[in-house]
Amino acid sequence: MLKNEISKLQRQPPEFPDVNQVAEQPENAGAKKLSKAWKKQLWRLLWLLLFPLVFFIKEWAAANPDVIEQVYSGQVYPILSMIIGKLFGWMPFSFVEFVIYALLGLFFAWIIYTIVTAARKRLRAIKLVQTLITFAIIVAVAMNVFYGMWGFNYFRHSVAYSMGLELKEREPQELADLCVLLAGQANALRESQLEDENGVFVYAEGNAGILQKIPSAYSTLAEDHPEFKRMAVIPQPKTVAASELMSYAGISGIFIPFTEESNVNVHQTPLLAAVTGAHESAHFMGIAREDEANFLGYLACQYSDDPAVQYSGIMLALIHAGNALHRISPSAYSQLYSHYNDGVRRDLAAHNEYWAGYEGKMEETVTQMNDSYLKQQKQEDGVQSYGRMVDLLLAYYDR
């Protein structure tokens with residue numbers, strides 16, 4: 001049997017495929033494979049529709065503050081913040097800070113890898129496009145998740161609405177009277193504060209330690225203002241390991257919605273360290289607007305049982321009110337400043353000197369980015385909206 005088969009093979013010459021067909025086959029196969037890969041990337045572009053979705057979400061939310069206030073800020077967000085806050089709040093360090101370091105490291109590693117691969121002429125166009133589309137998808141998803149986890153709070157009713165405060169135009173004399181009141185409180189509190197070797201205000205616990213007092217201040221605040229009552233105690237604000245880097249960027253604190261962490265620059269002078277923690281904690285409570293977070297941070301500090309925390313809050317209010325008075329009447333501000341005691345003056349001088357030492361291109365760039373971000377959230381005045389804290393102060397003391 002085997003011999004017959006061999007004989008047949010010997011009688012029938014083998015058939016070889018056409019050389020041209022063999023040469024063309026890999027090229028055609030490669031073309032089909034490349035076409036399929038590019039088609040897959042085109043389908044992935046549909047994810048980028050999430051970018052216009054964000055725009056429509058913001059417009060709808062801005063037009064429906066009642067729904068946002070009652071459904072999202074009143075019911076959905078408190079549950080989200082409680083769960084996520086407990087998940088990351090127990091950590092004694094800022095979890096998101098190290099996530100940012102890791103992401104930056106991966107990003108720069110990808111850039112180096114891309115450059116090296118391109119230099120060796122091994123970078124395929126499809127791989128580069130695939131990676132860029134992936135980055136764009138991540139950004140689009142993150143923007144939508146941002147609003148779902150916290151950003152909708154930008155479009156809720158104002159703190160003035162919740163507290164029944166009347167915001168209206170005020171006479172310059174009312175502002176001057178507010179400044180005098182705040183200056184008197186600051187002078188009185190300053191008398192009992194600790195000082196360093198230069199006679200500048202410091203906390204007995206240090207900038208990091210004083211942040212432990214913020215959650216209890218908010219708990220006491222809620223006793224008088226039930227609208228700020230939470231299902232659980234707010235997490236303690238966290239210190240940032242790279243705090244001095246934040247100073248170069250002109251940042252005293254930052255709230256990260258993805259982990260519900262209030263992060264504080266503890267490299268700054270002590271003067272506003274406590275109220276910075278209170279400000280970022282106000283964001284945790286769903287107060288998104290910067291001017292309102294400033295006001296609520298000040299208010300929470302006044303409910304603290306620690307005079308140092310109270311002083312920090314008063315000084316934030318006095319700085320904002322004093323700046324507003326200076327814009328209206330420099331002479332009136334000069335008269336106000338003459339009433340500050342020596343301790344308050346030293347604290348303000350040290351505070352101003354510190355931040356002046358970190359002014360530069362990086363600080364200007366971050367300020368411009370923050371300005372653009374705030375305007376995108378319907379805070380049309382951008383960073384200037386911080387000045388509206390004074391309107392809330394005037395309305396609060398005119399109740």
So, [X] side chain and [Y] main chain: donor-acceptor pair closer than 3.5 Å or not?
X	Y	result
Lys238	Phe93	yes
Asn198	Val200	no
Thr220	Ser216	yes
Gln310	Ser304	yes
Asn341	Asn187	yes

How would you list, by chain and number, every residue that makes a ring-ring contact (aromatic ring centres under 6.0 Å, His included) with [X], sequence neighbours excluded?
X	result
Phe258	none
Tyr101	Phe98
His339	none

Test log, rule side chain to side chain donor-acceptor pair (under 3.5 Å), inputs Gln173 and Asp177: CA-CA 6 Å; Gln173 187 59 49; Asp177 291 342; 2.8 Å; yes
Centroid separation His279 to Phe255 less than 6.0 Å: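 That pair fails the under 6.0 Å test.
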Check: Phe51 ring centroid to Phe55 ring centroid under 6.0 Å: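 No.
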Residues, nucleotides or ligands: over 12 heavy atoms within 6.0 Å of Tyr161 OH: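 Atom OH in Tyr161 is not packed in, count stays at 12 or less.
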Qualifying ring-ring contact (aromatic ring centres under 6.0 Å, His included) pairs, either residue in residues 104-130, two or more places apart: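 For residues 104-130: Trp110-Phe135.
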Pair listing, ring-ring contact (aromatic ring centres under 6.0 Å, His included) test, anchored in residues 187-229, at least two apart: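 Only Phe201-Tyr203, Phe201-Tyr311 qualify under ring-ring contact (aromatic ring centres under 6.0 Å, His included).
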Of all pairs that satisfy salt bridge (charged side-chain N to carboxylate O under 4.0 Å, His left out), the ones with a partner from residues 197-209, not counting sequence neighbours: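 Passing the test, one end in residues 197-209: Glu205-Lys213.
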Residue pairs fulfilling salt bridge (charged side-chain N to carboxylate O under 4.0 Å, His left out) with at least one residue in residues 41-54, sequence neighbours excluded: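 Listed by first then second residue: nothing to list.
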Pairing residues for Asp66 by the side-chain contact (heavy atoms from CB on, under 4.5 Å) criterion, not counting sequence neighbours: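 Checked Asp66 against side-chain contact (heavy atoms from CB on, under 4.5 Å); matches are Gln70, His157.
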Counterpart residues, side-chain contact (heavy atoms from CB on, under 4.5 Å), relative to Thr239 (two or more places apart):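 Counting only residues at least two positions away or on another chain, Thr239 forms a side-chain contact (heavy atoms from CB on, under 4.5 Å) with Ala208, Leu211, Val266.
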Contacts of type side-chain hydrogen bond (donor to acceptor under 3.5 Å, both in side chains), residue Asp224, not counting sequence neighbours: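 For Asp224, the residues satisfying side-chain hydrogen bond (donor to acceptor under 3.5 Å, both in side chains) (neighbours in sequence not counted) are Tyr303.
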Hydrophobic cluster membership, Val240 vs Ile210, 4.5 Å side-chain cutoff: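 Yes, one cluster joins them.
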Evaluation steps, salt bridge (Lys or Arg N to Asp or Glu O under 4.0 Å), between Glu353 and Arg346: CA-CA 10 Å; Glu353 181 180 358; Arg346 288 194 299 271; over 6 Å; no
Phe88 vs Pro235 side-chain heavy atoms within contact, under 4.5 Å: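 No, their side chains stay 4.5 Å or more apart.
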Close side-chain approach of Tyr72 and Arg156, heavy atoms under 4.5 Å: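 Not in contact.
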Under 4.5 Å side-chain linkage, directly or through intermediates, the cluster mates of Leu46: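 Besides Leu46, the cluster holds Trp43, Leu49.
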Cation-pi check, Arg399 onto Tyr396 ring (under 6.0 Å, within 45° of axis):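 Yes, cation above the ring, under 6.0 Å and within 45°.
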Residues that Arg170 engages under salt bridge (charged side-chain N to carboxylate O under 4.0 Å, His left out), provided they are two or more places apart: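 Arg170: salt bridge (charged side-chain N to carboxylate O under 4.0 Å, His left out) contacts with Glu174, Asp398.
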